[in-house]
Amino acid sequence: MTLEISNIMQKHPAYIDGASTIYDGAKKMTEENKGSLLLGSAESMKGIVTERDIIKAIAGGKSLTAPVGDVATKENLIFVHEDDSITKAAVLMSKHNIRHLIVKSENGAVTGVLSTRDLMRESYTLKELANVKNSDWFGSD
């Protein structure tokens, strides 16, 4: 049995407007206990901003009042589909050195986010990942 992403993904992603501040993004992540926010809206998703994006921005001297859209990833976004396997998701995360994947439905609508935390919370995940060849893993934390 292959575990599908739809079984473990966060089905209610949090959104933020790109004009909101980096501080607003960090506060919303904290309040909603999320490691990422999707930029835009459910109808028009324009990117993703993660904890790592905010940390890098602050360490790089960006003001907390700068627009969160300035530090978000808006190009070359990596998506998975709800019916993809968690193995595929884990390999993509490792290969691209990312911790969050945007999940789409069959018709292309954004339906959630999958994080490394989601993968690790699922006990079946470890069994699935044990079947991945070492040569398929790339990158680091």
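For clarity, every value in this text was computed on a predicted model and none was experimentally measured.
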message: When you compare the side chains of Ser20 and Asp17, does any donor N or O come within less than 3.5 Å of an acceptor on the partner?
response: no
- prompt: With a 4.5 Å limit on heavy-atom distance, are the side chains of Lys62 and Ile22 in contact?
  reply: yes
message: For the backbone of Ala90 and the side chain of Lys95, can you confirm whether one donor and one acceptor N or O come within less than 3.5 Å of each other?
response: no
query: Between Ile5 and Asp83, does a side chain to side chain contact (heavy atoms under 4.5 Å, CB included) hold up when you go through it step by step?
result: CA-CA 6 Å; Ile5 289 169; Asp83 60 353; over 6 Å; no
query: Which residue, Ile78, Asn76, Leu101, forms the side chain to side chain contact (heavy atoms under 4.5 Å, CB included) with His96?
result: Ile78
- request: Determine yes or no for a side-chain-to-main-chain donor-acceptor pair under 3.5 angstrom, with Lys11 supplying the side chain and Ser6 the backbone.
  value: yes
- prompt: Is Asp24 close to Val68 at the side-chain level, that is, under 4.5 Å between some pair of heavy atoms?
  reply: no
field: Smallest separation among heavy atoms of Val71 and Ala57, with atom names
entry: CG1-CB, 3.4 Å
task: State, with a plain yes or no, whether a side-chain heavy atom of Glu4 is found less than 4.5 Å away from one of Asp84.
output: no
- prompt: Under the side chain to side chain contact (heavy atoms under 4.5 Å, CB included) criterion, do Glu43 and Tyr15 qualify, and how do the steps go?
  reply: CA-CA 11 Å; Glu43 298 76 31; Tyr15 288 87; over 6 Å; no
query: Between Val103 and Gln10, is any pair of side-chain heavy atoms under 4.5 Å apart?
result: no
- request: Verify, without hydrogens or angle tests, whether Ser44 (side chain) and Gly40 (backbone) share a donor-acceptor contact under 3.5 angstrom.
  value: no
query: Between Leu39 and Ile48, is any pair of side-chain heavy atoms under 4.5 Å apart?
result: no
- request: Could you go through the salt bridge (Lys or Arg N to Asp or Glu O under 4.0 Å) check for Arg117 and Glu51 one step at a time?
  value: CA-CA 13 Å; Arg117 284 187 196 112; Glu51 297 163 319; 3.5 Å; yes
field: Heavy-atom closest pair, residues Val113 and Pro13
entry: CG2-CB, 3.8 Å
task: Return the minimal non-hydrogen interatomic distance between Thr21 and Thr65, and the atom names on each side.
output: CG2-O, 3.6 Å
- prompt: Would you say the side chains of Thr111 and Glu82 form a donor-acceptor pair under 3.5 Å?
  reply: yes
query: How about Val80 and Lys104: do any of their side-chain heavy atoms sit closer than 4.5 Å?
result: no
- prompt: Just by modelled atom types, is the Gly69 backbone N or O under 3.5 Å from a matching donor or acceptor in the Lys74 side chain?
  reply: yes
Residue of the set Thr50, Leu114, Val49 for which side chain to side chain contact (heavy atoms under 4.5 Å, CB included) holds with His100: Thr50
message: Can you confirm whether Arg52 sits close enough to Arg99 that some side-chain heavy atom of one is under 4.5 Å from a side-chain heavy atom of the other?
response: yes
- prompt: Considering only heavy atoms from C-beta outward, does the side chain of Met9 approach that of Ile86 to under 4.5 Å?
  reply: no
